[in-house]
Enquirer: 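Take this structure, written in structure tokens, and hold onto it; I'll ask about it next.
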Amino acid sequence: MNTFSRIIGTGGYLPKNVVTNADLEKTVNTSDQWIRERTGIEQRHVAEDGEHTVDLAENAARLAIEAAGISPQDIDLIIVATTTADQVFPSTACLLQSRLDIHGCPAFDIQAVCTGFVYGLSVADKFIRTGTSKCALVVGAETFSRIIDWTDRNTCVLFGDGAGAVVLKADNTPGILSTHLHADGDFAKLLHVPSGVSTNYPAVQEGRAYVEMAGSEVFKMAVKILGQIVDETLEANGLERQDIDWLVPHQANIRIIVATAKKLRMPMDRVVQTIAKHGNTSAASIPLALDHAVRANDIKAGELLLLEGFGGGFTWGSALIRY
Ligand code: UT7
């Protein structure tokens, strides 16, 4: 009998502190109208000093574990997708493992920026399909605010902090039907933080390792590539556009989301939209959107979900899921 993985619980967590567009109007040359019209964002959540990626991850993970009706000790694989790890090492996944009082199972981070959660889901699915794991915790968690130059209007209006999590369990029926992962490092410089441990480390130490983005070029590529991955996912599963019940997209820009929905000829009320309240939370955006729609009782058991994301690298990917 084949083994598949199924999502049996979701969780999401946002820091309490909210930064509105009106707040940003006071610090950079921008306007609420510009941000809403060009991005769809109204506000974002920003972690307080002392609140770290693992704190957000733990809150989201505990809610997913509770929703799944399992105990943390049932988990035998932990993957955290993050660009904003608490420390150089150990991984945020190991820090989370300790918080949850889980011992011995593999735990590691995945770095694929905004596509990180889809990458994590794909890896966990393969661990389960091969019989290596039976119950996986996959988290997307970010304190992206820490790598934002809050004086740069090109980027600071876009991003926010948060975490989303799912528990995946081995099952005889899918579950995750397919995942599709891609990357092309030739586009690295269009969206990047040009400093790290091995390059320009003083910038990291001085807290000036910031996101730089060629916004409109990234925008055009995102629209094109997300259209392609929709086709690739449908084709791989022998499905038609109308078979999809819900699009759960990465929340980078409402105009990108609308373009992908158009490609699927999907009405916007079947597209999960959290961008207005969350902004772009990078690896956390897709699991936060999924959790939001599950808890709102919009997504129901048996429905077919298409998750898709695009981000720095470039990386992009999708997951087709029978919920
Ligand atoms: O999650 C990873 C993937 N990331 C993305 O997919 C993001 C992709 N890019 C985008 O979402 C959009 O390109 C942005 C929202 C970043 C920018 O929107 P745009 O429609 O592409 O604007 P633009 O960069 O072409 O700039 C248009 C104008 C410029 O002024 P001029 O040169 O026309 O006078 C900008 O300087 O808007 C100006 N502008 C702003 N004005 C007010 C740029 N940022 C702002 C701002 N407030 N925050």
Side-chain angles (χ1 to χ4, degrees), residues 2-14 53-82 92-110 116-141 162-177 179 245-246 248 272 274 281 283-305 307 319-323:
N2 286 327
T3 303
F4 300 98
S5 67
R6 290 196 78 86
I7 294 177
I8 60 161
T10 67
Y13 182 79
L14 293 155
T53 297
V54 73
D55 300 316
L56 312 188
E58 181 185 355
N59 281 305
R62 287 196 185 281
L63 288 166
I65 289 166
E66 188 186 304
I70 60 160
S71 115
Q73 286 66 38
D74 295 325
I75 290 165
D76 59 7
L77 171 66
I78 300 173
I79 300 178
V80 175
T82 187
T92 307
C94 284
L95 301 179
L96 177 63
Q97 185 187 38
S98 169
R99 292 276 183 98
L100 296 174
D101 198 20
I102 302 171
H103 305 276
C105 77
F108 55 89
D109 287 0
I110 281 190
F117 179 76
V118 177
Y119 268 62
L121 207 58
S122 179
V123 172
D125 179 53
K126 284 163 178 62
F127 267 70
I128 289 178
R129 281 187 190 235
T130 55
T132 312
S133 299
K134 297 254 172 297
C135 187
L137 173 66
V138 184
V139 183
V166 299
V167 175
L168 283 181
K169 199 162 185 294
D171 203 301
N172 294 331
T173 54
I176 296 184
L177 293 158
T179 56
D245 293 306
W246 289 97
V248 188
V272 182
T274 50
T281 57
S285 113
I286 294 173
L288 268 171
L290 177 65
D291 180 61
H292 173 82
V294 166
R295 283 175 194 264
N297 210 21
D298 290 337
I299 291 177
K300 302 205 172 53
E303 289 186 317
L304 197 58
L305 322 181
L307 279 52
L320 189 75
I321 298 172
R322 179 71 64 191
Y323 188 70

Enquirer: Which atom pair, heavy atoms only, marks the closest approach of N297 to K300?
Expert: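 In this case the closest contact between N297 and K300 is O-NZ, 2.9 Å.
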Enquirer: Find out whether V167 and T10 are in side-chain contact, i.e. whether some heavy atom of one side chain is under 4.5 Å from a heavy atom of the other.
Expert: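 A side-chain contact under 4.5 Å is absent here.
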Enquirer: Contact between D171 and T3 at the side-chain level, heavy atoms closer than 4.5 Å - yes or no?
Expert: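 The answer is no, as the side chains (C-beta and beyond) never meet within the 4.5 Å cut-off.
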Enquirer: Compare all side-chain heavy atoms of I79 with those of V139 and state whether any distance is below 4.5 angstrom.
Expert: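 Of all side-chain heavy-atom pairs linking V139 with I79, none is under 4.5 Å.
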Enquirer: Answer yes or no: is there a donor N or O on one side and an acceptor on the other, between the side chain of Q97 and the main chain of C105, under 3.5 Å?
Expert: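 Checked: pair present.
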Enquirer: Strictly distance-based, threshold 3.5 Å: is any side-chain N or O of D245 a donor or acceptor partner for the main-chain N or O of L305?
Expert: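 A pair under 3.5 Å: no.
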Enquirer: So, taking the atom named CG in L56 and the one named OG1 in T281, what distance separates them when rounded to the nearest 0.5 Å?
Expert: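 It comes to 10.0 Å.
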Enquirer: Nearest 0.5 Å, please: how far is CG in D125 from CG in L177?
Expert: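 If we round to the nearest 0.5 Å, L177:CG and D125:CG are 9.5 Å apart.
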Enquirer: Show your reasoning for whether side chain to side chain contact (heavy atoms under 4.5 Å, CB included) applies to R129 and S5.
Expert: CA-CA 7 Å; R129 281 187 190 235; S5 67; 5.6 Å; no
Enquirer: Quick check: do L320 and L304 have side-chain heavy atoms less than 4.5 Å from each other?
Expert: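 SC-SC contact between L320 and L304 confirmed.
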Enquirer: So how far is it from K169 NZ to D76 CG, rounded to the nearest 0.5 Å?
Expert: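 Taking NZ in K169 and CG in D76, the distance rounds to 10.0 Å.
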Enquirer: Hey, what do you get for CD1 (I7) to CZ (R322), rounding to the nearest 0.5 Å?
Expert: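 So the CD1 of I7 and the CZ of R322 are separated by 13.0 Å.
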Enquirer: Locate the shortest heavy-atom distance separating A319 from L121; write the atom from each residue and the value.
Expert: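 The pair with the smallest heavy-atom distance is CB-CD2, 4.1 Å.
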Enquirer: Does the S122 side chain pair with the main chain of V118, one donor and one acceptor, at a distance under 3.5 Å?
Expert: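 Not at all, since once roles are kept as given, no pair shorter than 3.5 Å links the two residues.
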Enquirer: Side-chain donor-acceptor contacts of residues 63-71 below 3.5 Å, not counting sequence neighbours, with atom names and distances?
Expert:
| residue | atom | partner | partner atom | Å |
| --- | --- | --- | --- | --- |
| S71 | OG | Q73 | N | 3.1 |
| S71 | OG | Q73 | OE1 | 3.1 |

Enquirer: Which atom pair, heavy atoms only, marks the closest approach of V272 to A293?
Expert: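 Of all heavy-atom pairs spanning V272 and A293, the closest is CG2-CB, 3.7 Å.
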Enquirer: Any chance you could lay out the side chain to side chain contact (heavy atoms under 4.5 Å, CB included) test for I128 and F4, step after step, and finish with the verdict?
Expert: CA-CA 7 Å; I128 289 178; F4 300 98; over 6 Å; no
Enquirer: With the side chain counted from C-beta on, respond yes when I321 and L307 share a heavy-atom pair under 4.5 Å apart, and no when they do not.
Expert: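 Yes. Closest side-chain heavy atoms under 4.5 Å.
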Enquirer: How far apart are the C-alpha atoms of L137 and L168, what are their side-chain angles, what is the distance that settles it, and do they pass the side chain to side chain contact (heavy atoms under 4.5 Å, CB included) test?
Expert: CA-CA 6 Å; L137 173 66; L168 283 181; over 6 Å; no
Enquirer: Once rounded to the nearest 0.5 Å, what's the spacing between atom CD1 of I78 and atom SG of C94?
Expert: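 So the CD1 of I78 and the SG of C94 are separated by 8.0 Å.
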Enquirer: If the threshold is 4.0 Å, N to carboxylate O, is there a salt bridge linking D55 and R99?
Expert: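 Yes, D55 and R99 are salt-bridged.
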Enquirer: Is any side-chain heavy atom of I110 closer than 4.5 Å to one of F117?
Expert: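 No - every pair of side-chain heavy atoms lies 4.5 Å or more apart.
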Enquirer: What's the verdict on side chain to side chain contact (heavy atoms under 4.5 Å, CB included) for T173 and R6, showing C-alpha distance, side-chain angles and the deciding distance?
Expert: CA-CA 8 Å; T173 54; R6 290 196 78 86; 3.4 Å; yes
Enquirer: At what distance, to the nearest 0.5 angstrom, does CZ of R62 lie from OH of Y13?
Expert: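 Reported to 0.5 Å precision, the distance equals 13.0 Å.
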Enquirer: V248 and A289: which non-hydrogen atoms are nearest, and at how many Å?
Expert: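 For V248 and A289, the tightest heavy-atom pair comes out as CG1-CB, 4.0 Å.
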Enquirer: Are the side chain of D109 and the backbone of A81 linked by a donor-acceptor contact shorter than 3.5 Å?
Expert: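 No, the answer is negative, given that no donor and acceptor are paired below the 3.5 Å cut-off.
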Enquirer: Closest heavy-atom contact between A283 and P287?
Expert: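 In terms of heavy atoms, the two residues are closest at O-CD, 3.5 Å.
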Enquirer: I need the minimum non-hydrogen distance between A124 and V138, along with the two atoms involved.
Expert: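 Closest approach of A124 to V138: CB-CG2, 3.5 Å.
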Enquirer: Taking side chain as C-beta onward, heavy atoms only, is F108 less than 4.5 Å from T92?
Expert: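 Answer no - side chains too far apart.
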